[in-house]
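First the structure, in the form of structure tokens, and then the observations on it.
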Amino acid sequence: MWPCLLLALALLGTVPASHPAPRQLQGVPASETTQMRYTVVKKLRTYSGAQRYCQDVYRGQLASVHSTARNQELQKLAQTYNIIISPWIGAVTSRRAGQWQSYWEDSSPWNYANWAPTHPFHIVTTCTTLSIRDGFWRSRFCFQLRPFICQY
């Protein structure tokens, strides 16, 4: 009975059918606390669609990054999924109180950044990707379809 139920839920989109099991990151500094788990989702979603997916499926959110070690671990994790498009992470850059600011959607402190040269863009509100090639963050239009990294 359970296999049939899981298949039905997967077909309805409530359970990730072909999605690898989440992987716990190793070697993350104790200052980042955590029992956080991360997974790369290969399904292509807009930024807001990715955020909803992380909330609905994992009861989490798009990943926030607070150290070089975490950034490198997430980059390596994404590389293991053999994706070629840089995935969304949980940062947004927008105009707030008359100036451009970047912030984490999970409301965690903005205490680390790894922007590529000339990023973030200060033209329109943008969302952030983590390059699997070089580990830098880049501003992208939020409506683009991309894989993403959930934390929970």
Counterpart residues, side-chain hydrogen bond (donor to acceptor under 3.5 Å, both in side chains), relative to R140 (two or more places apart): none

N/O donor-acceptor pairs under 3.5 Å from side chains in residues 93-105, not counting sequence neighbours:
from	atom 1	to	atom 2	distance (Å)
T93	OG1	S102	OG	2.7
E105	OE2	Y47	OH	3.3

Enumerate donor-acceptor pairs with a distance under 3.5 Å from any side-chain N or O in residues 107-118 to protein atoms, sequence neighbours excluded.
from	atom 1	to	atom 2	distance (Å)
S108	OG	H66	NE2	2.9
S108	OG	D106	OD1	2.6
N111	OD1	H66	ND1	2.8
N114	ND2	G135	O	2.7

Look at the side chain of [X] and the backbone N and O of [Y], then say whether any donor-acceptor pair between them is shorter than 3.5 Å.
X: K42; Y: Y81; value: yes
X: W137; Y: P120; value: no
X: Q151; Y: R37; value: no
X: Q51; Y: L62; value: yes

From [atom1] ([X]) to [atom2] ([Y]), nearest 0.5 Å:
X: L130; Y: Q75; atom1: CG; atom2: CD; answer: 6.0 Å
X: T39; Y: F148; atom1: OG1; atom2: CZ; answer: 9.5 Å
X: Y38; Y: L74; atom1: OH; atom2: CG; answer: 6.0 Å

F136: ring-ring contact (aromatic ring centres under 6.0 Å, His included) partners, not counting sequence neighbours: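 If we apply the ring-ring contact (aromatic ring centres under 6.0 Å, His included) test to F136, skipping adjacent residues, there are no hits.
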
Parallel, tilted or perpendicular: ring planes of Y58 versus Y152, cut at 30 and 60 degrees: parallel

Can you list every disulfide (SG to SG under 2.5 Å) pair that touches [range], not counting sequence neighbours?
range: residues 60-126; result: none
range: residues 43-73; result: C54-C150
range: residues 64-141; result: C127-C142

Shared-cluster residues of I123, by chain and number - hydrophobic side chains joined below 4.5 Å: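 V124, F141, F143, all in the cluster of I123.
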
Hydrophobic cluster partners of F121 (side-chain heavy atoms under 4.5 Å): none

Side chain proximity check, P87 to I132, heavy atoms < 4.5 angstrom: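 A side-chain contact under 4.5 Å exists here.
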
Summary of salt bridge (Lys or Arg N to Asp or Glu O under 4.0 Å) pairs that have at least one residue in residues 117-139, sequence neighbours excluded: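 For residues 117-139: D134-R138.
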
Partners meeting side chain to side chain contact (heavy atoms under 4.5 Å, CB included) with S86 (sequence neighbours left out): T129, S131, R146

Residue list, side chain to side chain contact (heavy atoms under 4.5 Å, CB included) with Q72, at least two apart or on another chain: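 Q72: side chain to side chain contact (heavy atoms under 4.5 Å, CB included) contacts with T68.
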
Co-membership, hydrophobic cluster, residues L44 and I83, 4.5 Å side-chain: no

In one Ile/Leu/Val/Met/Phe/Trp/Tyr side-chain cluster, 4.5 Å: I89, M36: yes

Exercise: identify the closest heavy-atom pair between Y53 and K43: OH-CE, 3.3 Å

